[in-house]
Amino acid sequence: MELKKLFQMQKALDSHIEEKHQLENEDLFDRKVLALFVEIGELANETRCFKFWSVKPSSPKDVVLEEFVDGIHFILSLGIECGFDQESITIKDQESARTVTEQFLRVYESINQFQKSKAFDDYAGLVESYLKLSSLLGFTNEDIEKAYFSKNEVNYQRQQNNY
């Protein structure tokens with residue numbers, strides 16, 4: 001995945017939003033962390049992976065992918081916030097969780113760990129755990145990039161329409 005390109009696009013979107021809302025001098029880290037937790041919850045809700053009490057299937061793959069990409073936006077934004085957008089992130093070949101539910105829990109743990117430390121290694125671990133979730137959900141890097149580009153445009157349009 002072309003993380004450098006995604007970081008550049010996210011940096012431009014973040015700058016646009018911060019200028020429009022006069023947030024250039026605000027510390028947005030904790031708000032972005034909370035937003036990421038919320039987006040991951042929305043993603044889990046669309047997959048329905050934890051809803052053992054229900055027989056209703058997961059939302060369509062395109063809906064799940066759009067929710068997944070919302071998380072990518074905030075993960076990138078947090079990396080930019082900490083100055084990690086120029087770093088090289090290597091995805092280690094560690095074993096994924098056996099289930100989507102277990103991987104969601106690993107993602108939550110990774111977010112929590114990164115929020116406490118703000119360390120690059122913990123950020124890389126967050127990226128890695130989230131991308132492992134994408135694999136369990138059946139998304140390719142190409143799927144993610146294409147959906148990110150599309151959602152990035154939507155986010156600009158929303159800003160123009162005073163979302």
Would you say the side chain of [Y] lies within less than 4.5 Å of the side chain of [X], judging by non-hydrogen atoms?
| X | Y | answer |
| --- | --- | --- |
| Tyr130 | Ile111 | no |
| Phe139 | Lys61 | yes |
| Pro57 | Arg48 | no |

Keeping to residues at least two apart or across chains, list the salt bridge (charged side-chain N to carboxylate O under 4.0 Å, His left out) pairs with something in residues 49-59. none
May I ask whether [X] and [Y] are part of the same hydrophobic cluster, defined by side-chain heavy atoms of I, L, V, M, F, W, Y residues being less than 4.5 angstrom apart, directly or through others?
| X | Y | result |
| --- | --- | --- |
| Phe84 | Leu13 | no |
| Ile75 | Phe37 | yes |
| Leu105 | Leu137 | no |

Test of understanding: with salt bridge (charged side-chain N to carboxylate O under 4.0 Å, His left out), list the residues that count as partners of [X], not counting sequence neighbours.
| X | result |
| --- | --- |
| Glu102 | Arg98 |
| Asp122 | none |
| Glu26 | Arg31 |
| Glu18 | Lys32 |

Hits for side-chain contact (heavy atoms from CB on, under 4.5 Å) against Ser59, two or more places apart or cross-chain, chain-then-number order -> Glu46, Val63, Val64
Of all residues at least two apart in sequence or in a different chain, which pass the side-chain contact (heavy atoms from CB on, under 4.5 Å) check with Phe149? Lys5, Leu6, Met9, Glu145
Under 3.5 Å, is there a donor on one side chain and an acceptor on the other for Gln10 and Asp14? yes
With sequence neighbours left out, the residues meeting ring-ring contact (aromatic ring centres under 6.0 Å, His included) with Phe29 are Phe114
My understanding is that only residues two or more places apart in sequence, or in another chain, count here; which of them pass ring-ring contact (aromatic ring centres under 6.0 Å, His included) with Phe104? none
Here the pair of heavy atoms bringing Ile80 nearest to Lys11 is CD1-N, 3.5 Å
Check against side-chain contact (heavy atoms from CB on, under 4.5 Å), Asp85 and Gln8: CA-CA 8 Å; Asp85 52 309; Gln8 289 171 346; over 6 Å; no
Can you check side chain to side chain donor-acceptor pair (under 3.5 Å) on Gln115 and Asp30, steps first, answer last? CA-CA 8 Å; Gln115 192 241 350; Asp30 284 341; 3.2 Å; yes
Nearest-0.5 Å distance that lies between atom [atom1] in [X] and atom [atom2] in [Y]:
| X | Y | atom1 | atom2 | value |
| --- | --- | --- | --- | --- |
| Asp121 | Leu126 | CG | CG | 12.5 Å |
| Ser110 | Leu36 | OG | CG | 10.5 Å |
| Leu43 | Thr47 | CG | OG1 | 6.0 Å |
| Ile89 | Leu131 | CD1 | CG | 9.0 Å |
| Leu28 | Leu78 | CG | CG | 10.0 Å |
| Ser88 | Leu3 | OG | CG | 9.0 Å |

Is the side chain of Asn161 donor-acceptor paired with the backbone N or O of Gln157 at a distance under 3.5 Å, no angle test? yes
Parallel under 30°, tilted from 30 to 60°, perpendicular over 60°: which one fits the rings of Phe120 and Tyr123? tilted
Quick note, ring pair (Phe, Tyr, Trp, His ring centres under 6.0 Å) partners involving residues 1-25, not counting sequence neighbours, are His16-Tyr156
side-chain hydrogen bond (donor to acceptor under 3.5 Å, both in side chains) against Thr140, all qualifying residues, sequence neighbours excluded: Asp143
Exercise answer: donor-acceptor pairs, residues 66-74 side-chain atoms, under 3.5 Å, sequence neighbours excluded:
from	atom 1	to	atom 2	distance (Å)
Glu66	OE2	Lys151	NZ	3.3
Asp70	OD1	Lys151	NZ	2.6
Asp70	OD2	Lys151	NZ	3.3
His73	ND1	Val69	O	3.1
His73	NE2	Asn155	ND2	3.3

In this structure, are over 12 heavy atoms from other groups packed under 6.0 Å from Gln22 atom CD? no
